[in-house]
Structure formats: C-alpha cells, structure tokens
There are 4 protein chains.
Amino acid sequence: MIGGGEGAFIGPVHRIAAAIAGNCRLVAGAFSSDAERARRSGEALGLAPERSYESYAALVQRERELPADERAEFVAIVTPNHVHAPAAIAALEAGFPVLTDKPLTDTLDAALQLQEVAHRTGGLVGVTHTYTGYPMIRQARALVAAGEFGAVRRVAVRYTQGWLAKAEDQGGKQAEWRIDPARSGLGGAFGDIGTHAFNLVEFVTGERMTRLSAELRAAVPGRQLDDDGAAMFHLEGGARGTLIASQICTGDANGLEISVWTEEAGLHWRQEQPNSLRVVRRGRPEEIWTPGVDRAYLDEPAMAVTRLPSGHPEGYLEAFANIYRDFAEAVRGRAPQQPVYASLSDGVAGMRFIQAAHDSSARGAAWVELA
Amino acid sequence: MIGGGEGAFIGPVHRIAAAIAGNCRLVAGAFSSDAERARRSGEALGLAPERSYESYAALVQRERELPADERAEFVAIVTPNHVHAPAAIAALEAGFPVLTDKPLTDTLDAALQLQEVAHRTGGLVGVTHTYTGYPMIRQARALVAAGEFGAVRRVAVRYTQGWLAKAEDQGGKQAEWRIDPARSGLGGAFGDIGTHAFNLVEFVTGERMTRLSAELRAAVPGRQLDDDGAAMFHLEGGARGTLIASQICTGDANGLEISVWTEEAGLHWRQEQPNSLRVVRRGRPEEIWTPGVDRAYLDEPAMAVTRLPSGHPEGYLEAFANIYRDFAEAVRGRAPQQPVYASLSDGVAGMRFIQAAHDSSARGAAWVELA
Amino acid sequence: MIGGGEGAFIGPVHRIAAAIAGNCRLVAGAFSSDAERARRSGEALGLAPERSYESYAALVQRERELPADERAEFVAIVTPNHVHAPAAIAALEAGFPVLTDKPLTDTLDAALQLQEVAHRTGGLVGVTHTYTGYPMIRQARALVAAGEFGAVRRVAVRYTQGWLAKAEDQGGKQAEWRIDPARSGLGGAFGDIGTHAFNLVEFVTGERMTRLSAELRAAVPGRQLDDDGAAMFHLEGGARGTLIASQICTGDANGLEISVWTEEAGLHWRQEQPNSLRVVRRGRPEEIWTPGVDRAYLDEPAMAVTRLPSGHPEGYLEAFANIYRDFAEAVRGRAPQQPVYASLSDGVAGMRFIQAAHDSSARGAAWVELA
Amino acid sequence: MIGGGEGAFIGPVHRIAAAIAGNCRLVAGAFSSDAERARRSGEALGLAPERSYESYAALVQRERELPADERAEFVAIVTPNHVHAPAAIAALEAGFPVLTDKPLTDTLDAALQLQEVAHRTGGLVGVTHTYTGYPMIRQARALVAAGEFGAVRRVAVRYTQGWLAKAEDQGGKQAEWRIDPARSGLGGAFGDIGTHAFNLVEFVTGERMTRLSAELRAAVPGRQLDDDGAAMFHLEGGARGTLIASQICTGDANGLEISVWTEEAGLHWRQEQPNSLRVVRRGRPEEIWTPGVDRAYLDEPAMAVTRLPSGHPEGYLEAFANIYRDFAEAVRGRAPQQPVYASLSDGVAGMRFIQAAHDSSARGAAWVELA
C-alpha cells in the first residue's frame with residue numbers, strides 16, 4: 001500500500017475492505033511521503049519493519065527484489081491525486097499490478113501517460129469506484145443490459161456533500177489537500193465526486209457519455225478549485241442527462257443518487273440506502289429490489305457480490321471489499337467476467353470527463369465532446 | 001367557470017377545490033367550446049339552465065347584466081391553454097376577476113397582452129400553481145425568508161411524469177390537446193410542468209430566476225412539442241440550479257421534487273409525500289417538519305393553510321382549495337398578506353421562462369436572460 | 001348534523017367531507033347542547049335560522065314535519081360519545097337514517113339498544129370508521145379476499161398517539177370530554193382509537209375477531225379512563241394478532257399502522273402515508289401499490305374511491321368524503337356493493353371489542369370471547 | 001472457533017466480523033462435529049492442519065498445552081444451540097474465555113450450569129447479540145439513559161422473518177437444526193429471534209423485563225417448535241410492552257423493529273435501515289439521527305462503534321465486528337466501559353425469557369414472572 005498513513009481517511013477503508021475480501025493481506029507499505037510518519041504508520045499496522053518503506057520508489061524497488069512467493073502481489077495507491085500517476089507508473093515499470101483510488105490521476109495528461117505505460121508493460125490497472133461494488137447497482141446494470149426495459153432516455157445523477165460548505169470547514173488533513181490544486185489537480189468537486197457520478201452513469205446504462213455542457217465554480221470565496229457544479233450531458237444511445245456534483249450542499253453527507261428512465265421502466269438508487277433499488281415498470285406497482293443470498297430473483301452480477309441473507313444490510317465497506325476481492329482474483333489470473341473494479345479505460349474516461357467539464361465551464365458552459 | 005366540462009381532468013379538480021375552500025359556490029359556467037356538451041355538463045353539475053352558457057363570451061356578457069348580488073363574483077378558466085388569454089381578457093373587460101389554470105397563456109405575447117388589459121382595467125388575476133398551496137412549501141419559503149439559513153446556493157428541481165412515455169399513451173382528451181401546438185402553445189413538457197417547477201423555485205427561494213441554458217426535445221418520434229428537457233439556471237442572489245421537466249420518465253406519476261441548499265441548511269420536499277419537509281442544518285440531526293393545527297413550531301403562512309391536526313394527511317385537493325379560498329377572499333377585498341394563488345406577474349414570469357427555455361434550446365442551450 | 005359546533009374538531013371534518021362527496025348538502029343542524037352556541041354555530045355556517053335547532057330532539061321533530069323534498073335526508077351525529085345513542089334513536093324513531101361518528105355509542109348496552117331500534121324501524125345506520133375509506137385499504141382487503149395470498153396468519157396493528165402524553169396536555173375541548181367517563185363511556189384510548197384499529201383488522205382480513213387478552217391502564221396519574229393498552233387476539237380463521245392503542249406515545253400523531261401476513265404475502269400500510277400499500281410476496285421484490293384513476297392494476301373497490309390521477313395525493317378528508325358519498329347514495333337506494341361506511345353490525349362489533357378489552361384487563365388480561 | 005464449518009451461515013459471519021475488528025485472528029478451529037468435514041473446513045480456511053481439530057474437546061485440550069504466546073486467546077462458539085453449553089464449559093474449565101452465539105444455551109438449566117462454571121473459574125463469557133453493536137442502538141440507549149426523556153412508558157418490538165413460512169422452506173442446513181428440538185432446545189422463533197428482541201428491549205431501555213404473558217405456536221403443521229408468537233410484558237420501571245417473534249411472516253427478511261416511548265420523546269429503529277434512528281420529541285419536528293465519525297452530536301458509545309464518515313453506510317458485519325473487537329479487548333484486560341457484547345448475565349436473562357415465554361404459553365398466556 002502506498003499512502004494511507006496516520007490521519008488518512010481512505011487508507012483504513014482500503015485496509016478493512018481488503019480484510020473483508022478475504023483473499024488479500026497487507027504485507028508492505030509506504031504509508032506517507034514523510035519517512036518518520038511512514039515508519040510510525042507501518043509499526044501501528046503491525047508490519048515487519050523491513051516491509052515498511054520510506055517512499056513508494058523504495059517500496060517497488062525492494063519488493064521486486066524479494067522472492068516471488070514473498071513479495072507483494074499488487075500495489076494499492078491511496079495517496080493524494082498528484083501521486084497516483086508517478087507511483088502507479090513506478091509500480092507498473094517494476095512489474096506490479098496497480099489498484100488506485102479515484103480519480104485515476106491529477107490531470108488528463110498524467111492519465112494518458114499512465115495508460116501508455118500500462119499498455120507497454122501489459123500491467124493490470126484497476127480504479128476503486130466504490131459504488132459499482134454495491135449489489136443493487138450491479139442489479140440495475142443487469143436490468144438495463146437485459147434489454148427488456150428498452151433504450152435509456154433520461155438520466156439524473158447527483159453527488160452532493162456539505163462538508164466544504166463553509167470556509168471554516170476546510171480543516172482536517174483531507175480537506176487540506178483536496179482543495180489544493182497542486183495536490184488535487186483537477187480534483188475539485190467534479191474531480192473528487194463528479195467522477196464517481198460519471199462512472200455510475202456509464203456503469204448502470206452501459207453507455208459512454210459523448211458530450212456535456214457544464215458550469216463549475218468555487219462558491220466559497222477564496223477557494224481555488226471548484227466546490228460546486230452541474231452539467232447537462234448526452235449518452236451515446238441518445239439519452240439526455242443532468243449531473244450535479246457539489247461539496248457545498250449543506251446537510252448532505254454522501255448524497256449520491258441516480259435515476260435512469262428507459263422506455264419501459266424507471267430505476268432509482270441512493271447510496272445512503274444502498275440496499276434498495278426502486279424499479280418502476282410502466283403500469284405496474286413500484287418494486288423494491290433488495291440483496292440477499294436467498295434472493296433467487298437477482299441476476300448473477302448482483303449475487304456474486306452478496307455475502308449475507310436478505311435483511312442483513314451490507315454497506316460501503318463490503319462494496320469496497322468486492323473491489324479488492326475481484327482485483328486480487330484478476331491478479332491471480334482468475335478475473336471474474338464482470339469485475340467490480342473500474343478498468344483503466346474507465347479511469348481514463350473519468351479524467352476526460354473532468355477535463356471536459358472544466359473546459360466547458362471555462363467557455364460559458366459550451367458543449368464539449370468527450371470522444 | 002369556463003371550460004372543465006365532460007371528460008376534462010382539471011375542471012372537476014377546481015370544483016372540488018372550491019367546495020373544500022368553503023367560501024366559493026359554482027353559479028355559472030361555459031363548460032365547453034361545444035355548445036351541446038356545455039349544456040350537458042351544466043345540467044350534470046346541477047346548474048340552473050340559464051346560467052349554463054354556450055361560450056365564454058356569452059357568459060361574461062350575460063353575467064355582467066345580472067344584479068350585483070346574483071352575478072358571478074369571479075371567473076375561473078380551466079380550458080386548454082390557447083383559450084386562457086381571450087377568455088381572461090373578455091372577463092377582465094367585463095369587470096370580472098380571473099383565476100386561471102397554468103400556464104398563464106399559450107404564448108408570451110398573449111401573456112403580455114393579458115397583462116396590459118389587467119393593468120388597464122385594474123382587474124385581479126390569479127394563477128393556480130397548485131403546489132405552492134401545500135403547507136410544507138409555505139413553511140419552506142418561510143424558513144428561507146427568515147434569513148437564519150443564509151443565502152441560497154444551489155437548487156435542484158425536477159418534475160418528471162411518465163404518462164407520455166410512449167406514442168400509444170397519447171390517447172385521452174388531455175393528451176390530445178396537450179401535445180397539439182395549436183391548443184397548447186408553448187405548452188409541452190416545459191410549458192405544462194416545467195412552469196410549475198419554475199414557479200416552485202421562485203416561490204421557495206423568494207428569488208427571481210435571471211438566466212438559463214436549456215435543452216428541450218421531443219423524445220417520442222413524431223411529437224411536435226417538447227416532452228423532455230432540462231436546464232441549468234441562475235437565481236438573482238447568485239445561486240445555481242438545475243431543472244428537469246419531462247413527461248417520458250417511465251414509471252413516474254407527478255414526481256415534482258425540490259432541494260434547496262443554503263449556507264446553513266438543506267431543504268427537501270417531494271410532492272408525492274407533501275406532508276414531509278426535510279430540513280437538514282449543519283451539524284444537526286435531520287429534521288422532518290409536518291403540518292398540523294397543533295404544530296406550534298410552524299410559521300403562520302403554513303399554519304394558515306392547514307385544516308387538520310397532525311397525522312391526518314391533507315393532499316392535492318386541499319392545496320388547490322387554498323388557492324380558491326384565498327382568491328375568493330381577495331376578490332372580496334380581504335386578500336391575505338401572502339396569498340396562495342400565483343400573481344399575474346408570477347404568471348408572466350412563467351411565460352418568460354418557457355419562452356426562454358425554447359429560445360435557449362433552439363440555440364444549442366445558449367444562455368438566455370430572463371430579465 | 002347533530003353536534004360539531006364552535007371549537008369542535010370532528011364537526012368541520014364531516015362538513016368538508018360532505019362538500020367533497022359532492023352529493024351532500026348541509027341543510028340543518030343542532031350544533032351544540034348549549035342553545036346559544038348552537039345558534040351561533042348555525043349562523044356561522046350560513047344556515048337558515050329556522051333550520052338551526054337548539055337540540056337534537058328539536059331537530060328530528062321539526063325536520064320530520066317539513067315537506068319531503070325540503071327536509072334533511074339523513075342525520076349525521078358528531079357529538080361526544082354519550083349522545084350518540086339517544087340522538088341516533090331519536091332520529092331513527094323519526095324516520096331518519098343515521099350516520100354517526102365512532103365509536104357507535106358510549107356503552108355496549110347503548111349499542112344493543114340502538115341496534116334493537118334500528119332493526120325495529122328498519123332505519124339505516126352507518127359509522128364513520130374513516131380509515132376504511134382510503135383506496136389502499138380497500139385494495140388490501142381486495143387482495144386478501146381474492147384468495148391468492150392464502151390464509152391470514154398474523155396481524156400486527158397499532159394506533160399510537162401522543163396528544164395525551166402528559167397531564168397538562170388535557171386542555172382543549174376535545175381532551176376535556178374524551179377523558180371524562182360520563183361523556184366518553186368506554187371511550188378511553190381503546191374506545192377512541194383502539195376501535196379504529198379493531199375495525200381495520202376486521203375490514204382488511206375479512207374475518208371477525210374471536211377472542212382477546214388485553215391490558216389497559218391509565219398511565220398518566222389521576223386519569224380515569226385508559227390512555228394506554230395492548231391486546232393479543234385471535235381471528236376466526238386461526239390467525240393471531242397484537243393490537244396497541246395508546247394516547248401517551250409521545251411524538252406520535254395518528255400512528256395507525258397495520259401489517260397482515262398471509263401464507264403467500266405480507267401487506268403493510270401506515271395511515272400517515274396512506275397512498276402506499278406495501279405488498280411483499282414470497283420470493284419476489286417488494287411492491288408499492290399506489291392509487292390513481294390511471295392505475296389499471298387496482299381492483300374495483302379501490303378504484304371506486306379514487307378521484308385523481310396517480311401521483312396527486314388524496315388524504316384524510318377524501319377518505320372521509322367517500323363515507324359520506326356512499327352513505328348518501330345508500331340513503332337514496334343506490335348503495336354500492338361494498339360501501340365505505342361501517343355498518344351497524346360493525347359498530348356493534350366495535351363496542352363488543354371495547355367491552356371485552358375492559359373485561360379482560362379487569363381480570364388480569366384473561367382471555368375473553370367476543371362471541 | 002468451534003462450529004461454523006462448510007455450509008454454515010453464522011460461521012463465516014463471525015470470521016468476517018473478526019477480520020473487520022482488526023484485533024482478532026483465526027488461529028485454530030473445530031469446525032464440525034463431523035471430523036472429516038472439520039478437517040476440510042480448516043483446510044479451506046488456510047489453517048495449519050495441526051490447529052484444525054476434530055472436536056471441541058480436542059481443541060481446548062491441545063490449545064491449552066501450547067505456549068501462551070501461541071495458543072488461542074479465546075474461543076468462539078458458533079454451533080447449534082445444544083453444543084453451546086458443553087463446549088463453553090469445556091473451554092472455561094481449560095481457562096479460555098468464551099464468546100458464544102445466541103441464545104446462550106439450549107435450555108435454562110444448561111445456562112445456569114454454565115453460569116456456575118463461569119463464576120467458579122472466573123472465566124469471561126460474552127454473547128453475540130449482534131444488534132446492540134449498531135451505532136444507532138447505542139445512541140438510543142444513551143438518549144434514554146441520559147434521563148432527559150423521562151421514564152419509559154411503552155415499548156413495541158418485533159422480529160419478523162418469513163423464511164420458515166411454508167413447510168417446504170425447511171430445506172437447508174440451518175433450517176434443519178433450527179426446527180429440531182434436540183439441537184435447538186428452546187430455540188424456536190422465540191429462542192432464535194425473540195431473544196434478540198428481548199435483549200434489544202433491555203439494552204435500549206436499560207431496564208429488566210419483569211413479567212410476561214406469551215402465546216407461542218407452531219403455525220406450520222407438523223413443526224415441533226414454535227415458529228410464531230407474541231407477548232405482552234412489563235419492565236421494572238413500570239413500562240408496558242409488546243413483543244412479536246415469528247418466522248412465518250411471509251415476505252419479511254430480518255424485520256427487527258423497536259419503538260420506545262418515554263415521557264418526553266419517542267425513539268424508533270429498524271434493523272434493515274440501521275443507520276437511521278428516529279427521535280420524536282414532544283412538540284418538535286421529528287429528528288433522524290445518523291452515524292458518522294464527523295457527527296459531533298453523537299454520544300460516546302455510538303461514536304466508539306463508528307468507523308466511517310457520515311453517509312457511508314455501515315451494516316450488519318460491522319455491528320458484529322464491534323462485538324469481536326470489544327471482546328478481544330476485554331480478554332486482554334482492556335474492556336471498554338460499555339462493551340458491545342452481551343454479558344453472561346444478559347445471556348442468562350435471555351434464557352429465562354425464553355423459558356418464561358414457553359411456560360406462559362403452556363398455561364394459556366398466564367403472566368409469568370422473570371425474576
């Protein structure tokens with residue numbers, strides 16, 4: 001693991017997810033760009049001192065020198081955005097598959113460079129777009145893909161948070177780097193959570209976004225990155241959509257919600273109640289689909305990520321664990337047919353989306369192609 | 001009453017609303033542009049034959065000749081859109097106040113012409129934007145207006161229906177005229193329900209919409225009017241917003257929903273659960289506000305439109321009744337300070353909104369000022 | 001109308017309900033046992049002074065002397081409980097059908113006496129158990145009655161209110177008589193709202209309650225009538241159930257909820273969200289049934305009490321209006337096959353239930369047959 | 001770990017919970033009473049063959065002979081009920097602390113015997129009543145305990161499942177032993193899930209149940225154990241309550257719900273939406289409390305079991321993990337002040353409850369003291 005030391009938010013999440021996955025074990029880390037903090041973090045996590053490295057460069061170099069049955073099987077990157085690309089490239093060059101937090105990188109250029117290295121080295125890259133790990137999101141995709149519901153016609157997605165609603169909310173290690181362009185890159189609200197919303201739209205509909213018109217802004221005075229924005233977009237099949245990504249929506253926590261309307265049905269899901277998928281077919285009572293290993297009506301992709309009998313709620317950590325489980329399987333050559341982690345090309349598409357949103361916004365919400 | 005005869009949807013709604021209001025009585029009508037249908041409708045409603053007229057022209061002319069204590073006190077217009085303006089103008093010229101269904105007219109020109117007549121004659125005009133008649137919408141407005149929540153920063157509103165999702169859904173008297181430009185005017189999805197969403201935004205925030213970028217379309221092949229669209233907009237105080245108005249959202253009935261995020265709180269309301277206003281303040285547990293004559297925590301504007309103790313749900317008809325009650329009071333010179341019916345200028349603003357949305361859409365979602 | 005004058009809660013509800021019904025008109029009243037208050041109330045309601053009577057005795061006597069086409073067609077009783085029986089008997093003896101608020105009477109003896117008079121005179125008696133007027137309750141009954149769901153096996157019903165949670169809540173005209181045994185009779189929490197819950201169970205399941213074990217108490221010191229209680233019960237088909245009726249459940253308004261589990265499905269309904277019926281079949285996604293004149297999937301009894309298209313919520317007043325509409329039709333010899341109002345025998349069953357609950361409680365929650 | 005081999009439901013849950021806890025590691029097991037299955041299960045779990053035992057007797061005997069820094073620190077028992085007591089006693093006699101699934105044992109006698117051994121040996125015993133591991137349940141207890149809400153007056157709890165609704169549902173390893181009195185002991189619906197409901201009532205209210213009147217039955221013909229039942233009960237502070245425990249409630253999964261009404265507020269929680277605690281204070285808007293490390297309004301006991309920021313739902317596995325974490329800490333002498341696991345005396349109280357329910361039911365729902 002690279003990053004995720006003392007005080008980090010997403011590092012511990014990755015570690016718990018890996019523990020739930022059941023097929024992963026933390027064996028080495030470079031937990032901080034601060035060598036002393038990295039050491040302390042490794043110790044706190046019970047790592048052997050010689051596997052707790054002072055930098056990602058040291059990690060990939062020394063791990064590759066270990067015997068095959070001892071060295072790390074893959075590298076997880078949970079640093080601020082600007083480190084994703086260099087760390088991932090170093091890992092790929094050293095022969096390690098890479099599972100990285102989203103967004104893929106800090107800039108589109110960095111993403112393309114990473115993609116080039118991945119293609120050249122043939123290394124596997126996965127991105128942790130957590131929300132596609134929820135069973136009901138996979139069920140939604142399966143329902144749309146089955147074709148019975150007809151073409152997608154409209155999508156409404158929003159990811160609203162309130163944690164940056166005020167200037168004084170900017171304390172904390174996380175806020176600190178997220179609002180700093182040097183470390184966040186394009187990662188304001190659109191980069192940080194808009195990209196989740198984007199990924200969810202493409203995942204559920206099975207279609208690529210082709211163009212968008214976006215308006216981003218820093219609503220809180222003095223902020224350099226966007227903290228609030230919205231977009232209208234088109235999907236390749238002709239559907240239209242709206243997307244809101246904002247971190248100044250006071251009172252909201254992780255308000256990721258999606259509605260997809262097709263010719264024959266509407267599908268509705270909210271991340272904060274992830275175990276309910278509302279499906280409304282023309283002329284029929286509304287239906288609430290729920291996960292459970294006993295739910296014979298679920299399709300395989302949903303069932304494959306369900307651990308418990310119905311009525312025992314799984315949550316965010318289990319969704320995240322599904323990503324780790326599938327990625328570890330893929331590393332071992334046993335990739336499931338529809339893996340839970342986002343692919344490298346999904347990650348690059350996410351960066352194109354962020355860049356396009358910024359470009360559009362800079363030109364008065366002009367339409368920008370995502371090609 | 002003008003319009004609202006046999007087979008109509010909104011006519012009976014107006015009549016029940018008036019009955020609930022308790023201060024209105026149906027005394028005369030011109031229920032259809034078809035004289036025989038008008039007569040039959042009047043008879044079915046138990047009107048005296050001489051007060052059931054063959055046309056709106058006949059109605060306003062003959063009613064004005066009746067003694068003051070016998071004649072209709074005001075005229076309600078519930079016809080297809082293209083009749084709103086001529087009927088209203090005829091009524092105003094004859095000295096009758098006018099309560100008309102929304103949108104105010106079929107075109108912006110007609111609206112301006114009606115406004116001119118109203119100003120010249122001094123006649124009162126009200127518009128039935130039903131949703132502002134709900135207690136919790138009035139409470140939302142009161143909470144925003146009180147100032148404690150700070151400035152509005154983002155709004156998300158949508159009004160999604162599925163009743164025109166398929167070409168074959170176009171049966172029925174209502175669908176027939178609604179999708180006919182000759183009778184609907186600008187009244188596609190944006191005109192029919194987008195204008196409700198627009199009105200709700202302005203009502204709850206207490207701010208005017210200043211500009212928008214919209215994309216409308218006829219998603220169902222062969223349709224002449226928009227049945228699906230979305231917009232991004234600005235409010236005068238600097239807030240940004242998104243608006244969806246669509247009648248092809250399969251499975252949705254009257255999915256009018258609004259979220260308003262201010263500096264200190266988020267407010268959330270859904271028309272299909274109108275008795276719950278979700279209020280989320282920074283750092284506090286989410287609150288659900290509900291109506292009831294025993295709810296001492298409600299502000300006066302909400303209390304004024306509440307009939308029942310808490311826990312006995314009021315609905316759409318009661319919201320509509322509030323409009324009739326207040327309009328009748330206003331006609332009698334006892335207008336409440338914050339009347340429930342939309343004003344003429346609200347109605348004109350609604351027409352400007354529809355026109356602007358069409359203009360923007362025609363120009364590739366260019367920004368259009370609403371001034 | 002007898003009772004329901006100044007300051008009353010349920011009187012205005014009955015009057016609005018009658019207005020919505022569309023086939024009723026208030027023509028006469030004896031609105032209070034206080035003659036002056038009765039007069040003032042009649043005046044406020046715009047009644048002709050000669051039709052505003054000083055007592056129910058005067059009302060029935062003088063109305064019967066009016067020509068048939070002028071006199072009241074039926075009498076609605078909305079007084080405190082102890083007046084139900086004498087007023088109803090007087091009306092029946094004078095030839096007027098009677099629609100009375102629940103519970104039928106103040107004591108079981110009075111109910112049996114009223115029943116005797118009704119049988120002798122052949123007069124129609126209806127009881128306003130409002131909640132069976134909701135479309136989704138009628139749909140629930142239809143679903144159970146259709147047989148496809150198999151036998152009922154368990155029922156959970158509760159009606160919890162908080163308005164009498166504290167001694168100091170006892171202000172107000174309503175609380176005053178409701179907690180006074182002389183006027184309420186058996187009408188504590190079990191009489192006032194437990195009887196609604198009882199009626200709902202019998203209505204939805206289509207089965208009679210055969211025995212119960214109940215424990216009632218006055219939780220607030222100094223109160224003479226029960227304000228809190230619960231029961232276990234059996235239905236004639238072998239199902240078991242629990243019933244809670246309490247007016248000290250702080251924070252609850254009209255928390256009437258019912259769950260009915262049959263061999264093949266569960267049905268769940270809450271009065272405060274009356275337009276959602278949750279139906280969960282074995283091995284299928286949960287379904288939410290909702291009303292609407294366009295809901296082709298609804299059965300006739302639900303459709304018959306639905307006024308609006310789906311998504312425009314109807315509420316308590318409309319449910320109440322359905323009772324008036326059906327009762328007025330029945331008075332005119334056009335009773336629907338499954339009328340909305342509760343019958344005399346339902347009303348008597350309700351009194352037996354209340355009496356049995358009191359008897360059981362007095363004997364340490366011993367089982368009591370409801371015969 | 002004793003029990004929990006191939007095909008078991010709760011064994012894997014315990015193992016994932018321990019992995020999330022972060023302070024536990026599976027080092028040894030006797031996973032089945034069938035030696036070959038035990039061996040296979042151990043192998044599948046990656047245990048060293050010498051730590052995978054053929055019986056619990058072998059496990060406790062051989063583990064105690066290992067050096068202190070190698071041997072298991074405590075024993076988790078996840079067998080059918082009838083093995084809990086003998087396995088726990090063997091473990092305690094060998095000096096191992098015991099964490100056992102619920103109910104504590106198969107019979108009250110066995111529970112008392114276990115208690116005697118625990119007292120004699122001084123060994124720690126914990127019971128996994130999972131639901132008290134949810135943050136919002138701990139918050140509910142904290143709110144009641146704080147005293148501001150006044151005395152508890154009424155409680156309604158139910159745990160309804162539908163998985164045994166039909167005779168043909170009895171397939172599967174779990175159903176097999178659960179409906180077999182020889183292995184389940186008192187563990188029908190009341191033993192299996194009623195005891196969870198009981199524990200939840202005592203935990204949230206902080207009061208002991210003093211007496212109950214219960215009616216249990218086997219609703220599905222041919223079944224030997226209760227699959228459906230209900231009870232009325234009293235708490236030591238004078239509150240009254242109802243409890244339903246049923247496994248024939250078609251359509252329900254794990255429908256554990258509790259409402260606690262106090263003098264000043266109502267508290268409502270549902271296991272299937274565990275991250276929402278509804279708190280309704282007298283005269284105030286309803287509140288929804290939710291977990292999150294950023295929720296400064298939460299009390300310490302809730303915060304102590306919260307891992308994620310608000311809006312990222314935790315679920316059943318995390319609740320279970322909290323039990324493991326606290327038990328492991330307690331074993332190491334660092335027991336938190338309010339540990340998440342149920343204590344031995346809670347477990348014994350649960351067995352008294354089950355026994356009392358059976359006794360009451362056998363005597364026609366007579367009141368039975370729980371002393």
Side-chain angles (χ1 to χ4, degrees), chain B residues 9-10 12-13 15-26 44-46 130-131 134 159-163 169 171-172 174-175 193 249 251-257 270-276 288 290-295 307-321, chain C residues 9-10 12-13 15-26 44-46 130-131 134 159-163 169 171-172 174-175 193 249 251-257 270-276 288 290-295 307-321:
Chain B
F9 151 60
I10 204 72
V13 166
R15 288 190 291 267
I16 298 175
I20 297 174
N23 61 353
C24 301
R25 200 158 51 87
L26 181 66
L45 290 166
T130 325
Y131 307 108
Y134 279 117
Y159 198 152
T160 51
Q161 300 180 324
W163 70 296
D169 291 328
Q174 242 223 104
I193 57 177
C249 286
D252 285 6
N254 279 289
L256 174 59
E257 305 183 9
R270 295 179 52 218
Q271 192 270 146
E272 298 192 4
Q273 303 283 12
N275 296 311
S276 296
I288 310 290
T290 53
V293 294
D294 51 318
R295 290 287 190 235
R307 288 167 182 77
L308 297 175
S310 58
H312 278 146
E314 299 193 57
Y316 177 81
L317 291 168
E318 287 75 30
F320 219 117
Chain C
F9 152 59
I10 205 70
V13 166
R15 288 191 291 267
I16 298 175
I20 298 174
N23 61 352
C24 300
R25 201 158 50 88
L26 181 66
L45 290 166
T130 324
Y131 306 107
Y134 279 117
Y159 198 151
T160 51
Q161 300 180 324
W163 69 296
D169 292 329
Q174 242 220 105
I193 56 176
C249 286
D252 284 6
N254 280 287
L256 175 59
E257 305 184 11
R270 295 179 52 219
Q271 192 272 145
E272 297 192 4
Q273 303 284 12
N275 295 311
S276 295
I288 311 289
T290 53
V293 294
D294 51 318
R295 291 285 189 235
R307 287 167 184 78
L308 297 175
S310 57
H312 278 147
E314 299 193 56
Y316 177 81
L317 292 168
E318 286 76 30
F320 219 115

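Computed from a predicted model, the values in this text were never measured in an experiment. The sequence lines fix the lettering, A, B, ..., with proteins before strands; numbering per chain opens at 1.
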Look up atom CD1 in C:Ile20 and atom CD1 in B:Ile20, then write down how far apart they are to the nearest 0.5 Å.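 Interatomic distance, C:Ile20 CD1 to B:Ile20 CD1, rounded to 0.5 Å: 3.5 Å.
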
Atom pair CG/CD1 of B:Leu308 and C:Ile16 - distance to nearest 0.5 Å: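 Answer rounded to 0.5 Å: 6.5 Å.
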
Restricting to non-hydrogen atoms, name the atom on B:Glu272 and the atom on C:Pro313 that form the minimum distance, rounded to 0.1 Å.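 For B:Glu272 versus C:Pro313, the nearest heavy atoms are O-CG, 4.2 Å.
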
Which heavy atom of C:Ala253 sits nearest a heavy atom of B:Arg295, and at what distance?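 C:Ala253 and B:Arg295 have their closest heavy atoms at CB-NH2, 4.3 Å.
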
Please classify the contact between [X] and chain B as side chain, backbone, both or neither, with a heavy-atom cut-off of under 4.5 Å.
{"X": "C:Arg15", "result": "neither"}
{"X": "C:Tyr131", "result": "side chain"}
{"X": "C:Val13", "result": "side chain"}

Selection from B:Gln271, B:Gln161, B:Arg307 maximising heavy-atom pairs under 4.5 Å formed with chain C: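 Most heavy-atom pairs under 4.5 Å with chain C: B:Gln271.
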
Is any side-chain heavy atom of B:Trp163 closer than 4.5 Å to one of C:Asp294?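 They are not in side-chain contact.
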
By the definition side-chain contact (heavy atoms from CB on, under 4.5 Å), identify the one residue from C:His312, C:Glu318, C:Glu314 that meets it with B:Tyr316.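 By the side-chain contact (heavy atoms from CB on, under 4.5 Å) criterion, B:Tyr316 pairs with just one of C:His312, C:Glu318, C:Glu314: C:His312.
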
